[in-house]
Amino acid sequence: MDKHDAQLLDLMQTDSRRGLEAMAAEAGLSVASVQRRLRSLRDRGMITKEVAVIDPKKIGVHMTFVVMVELERERQDQIDAFTRCIQTEPMVQQCYYVTGEADFCLICTAIDMEDFEALTKRLFFNNSNVRRFRTSVVMGRKKIGLELPIPTADLNDP
């Protein structure tokens, strides 16, 4: 990865709808070079997905929760089973396997408390391997994003 790749990654993660011509102008590259580089970044798995960020309140999803989950048994097959279960649940926005008192940290959304209660029954109460879970209700969204700082210090000039 060189400085132009890093610049394109930065441009893509701040606004992936930006046109090729605009990216080419900002990066000082030709449109063909931008196309070729973006294809390579996707092929190498550096760009894994391009999505729209939706305002949850505009679609009636008014609540967000941080849930710390502790498993009864922490065998690899149990971790994998819990992970598979979480991956199929659309109300779980993010899932992290963590160290400390909990085994997983989940970021979940819900329309209301009844919706969240139904989620807890599906994911936790009906799962004999969940020892306990602790929930914090998000009071306000202060920063949302998955942008990463792109390191440029060690990159070679093309």
Side-chain angles (χ1 to χ4, degrees), residues 1-71 74-111 115-116 119 122-124 133 135-158:
M1 185 169 82
D2 63 20
K3 72 174 188 168
H4 292 298
D5 288 340
Q7 190 173 16
L8 290 175
L9 284 173
D10 196 47
L11 291 170
M12 284 295 291
Q13 73 177 350
T14 56
D15 182 5
S16 66
R17 293 184 320 160
R18 183 180 285 127
L20 292 173
E21 294 81 12
M23 282 195 281
E26 289 184 57
L29 298 167
S30 70
V31 171
S33 179
V34 169
Q35 285 177 310
R36 185 175 57 256
R37 286 172 177 273
L38 288 176
R39 185 178 319 110
S40 173
L41 291 168
R42 289 179 183 111
D43 290 346
R44 291 184 285 160
M46 296 179 89
I47 297 174
T48 59
K49 192 179 230 184
E50 296 169 49
V51 299
V53 178
I54 298 169
D55 183 338
K57 290 188 177 184
K58 302 274 173 135
I59 61 166
V61 177
H62 296 285
M63 303 191 79
T64 303
F65 304 87
V66 178
V67 184
M68 304 304 289
V69 180
E70 188 178 336
L71 299 180
E74 207 176 340
R75 292 188 334 248
Q76 189 61 53
D77 63 324
Q78 297 290 335
I79 292 167
D80 293 344
F82 185 78
T83 301
R84 281 190 304 276
C85 177
I86 292 303
Q87 288 175 342
T88 63
E89 178 54 61
M91 291 171 63
V92 176
Q93 299 298 295
Q94 297 176 49
C95 174
Y96 300 96
Y97 180 49
V98 297
T99 62
E101 291 184 28
D103 298 307
F104 288 90
C105 174
L106 310 179
I107 308 299
C108 304
T109 60
I111 294 168
D115 196 30
F116 181 69
L119 175 71
R122 283 194 308 275
L123 294 183
F124 312 131
F133 65 97
T135 302
S136 296
V137 178
V138 173
M139 300 295 290
R141 294 167 53 124
K142 304 302 182 190
K143 180 180 179 184
I144 302 296
L146 294 174
E147 294 89 7
L148 297 171
I150 307 295
T152 57
D154 297 332
L155 300 178
N156 301 325
D157 273 332

Begin from the C-alpha positions of Val69 and Ile86 and carry the test side chain to side chain contact (heavy atoms under 4.5 Å, CB included) through to its verdict.
CA-CA 11 Å; Val69 180; Ile86 292 303; over 6 Å; no

Less than 4.5 Å apart, side chain to side chain, heavy atoms only: is that true for [X] and [Y]?
X: Glu50; Y: Met12; value: yes
X: Val66; Y: Ile107; value: yes
X: Phe124; Y: Thr135; value: no
X: Val67; Y: Leu123; value: no

Yes or no on side chain to side chain contact (heavy atoms under 4.5 Å, CB included) for Leu119 and Phe65, after CA distance, side-chain angles and deciding distance?
CA-CA 11 Å; Leu119 175 71; Phe65 304 87; over 6 Å; no

Closest heavy-atom pair and its distance - Met91, Ala110
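So the two residues come closest at CE-CB, 3.7 Å.
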
Smallest separation among heavy atoms of Val34 and Ala24, with atom names:
CG2-CA, 3.6 Å

May I ask you to decide whether Asp55 forms a salt bridge with Arg141, counting only side-chain N to carboxylate O separations under 4.0 Å?
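Here Asp55 does not pair with Arg141 in a salt bridge, since their nearest N and O are not under 4.0 Å apart.
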
Does atom CD of Glu147 have more than 12 heavy-atom neighbours, drawn from other residues, nucleotides or ligands, at distances under 6.0 Å?
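Yes - once you tally the heavy atoms of other residues, nucleotides and ligands closer than 6.0 Å, there are more than 12.
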
Look at atom CZ of Arg17 and say whether more than 12 heavy atoms of other residues, nucleotides or ligands are closer to it than 6.0 Å.
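Result for CZ/Arg17: open.
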
Pair Arg44, Asp5 - check side chain to side chain contact (heavy atoms under 4.5 Å, CB included), show working.
CA-CA 12 Å; Arg44 291 184 285 160; Asp5 288 340; 3.5 Å; yes

Considering only residues two or more places apart or on different chains, which pairs with a residue in residues 75-86 satisfy salt bridge (Lys or Arg N to Asp or Glu O under 4.0 Å)?
Arg75-Asp77

Could you work out, with side-chain contact (heavy atoms from CB on, under 4.5 Å) as the rule, every residue matching Ile59, not counting sequence neighbours?
Ile54, Val61

Checking Thr83 now: which residues fulfil side-chain contact (heavy atoms from CB on, under 4.5 Å) with it, not counting sequence neighbours?
Ile79, Gln87, Phe104

Is there a donor-acceptor contact under 3.5 Å from the side chain of [X] to the main chain of [Y]?
X: Gln93; Y: Pro90; answer: yes
X: Ser16; Y: Gln13; answer: no
X: Arg37; Y: His4; answer: no
X: Asp115; Y: Ile111; answer: yes

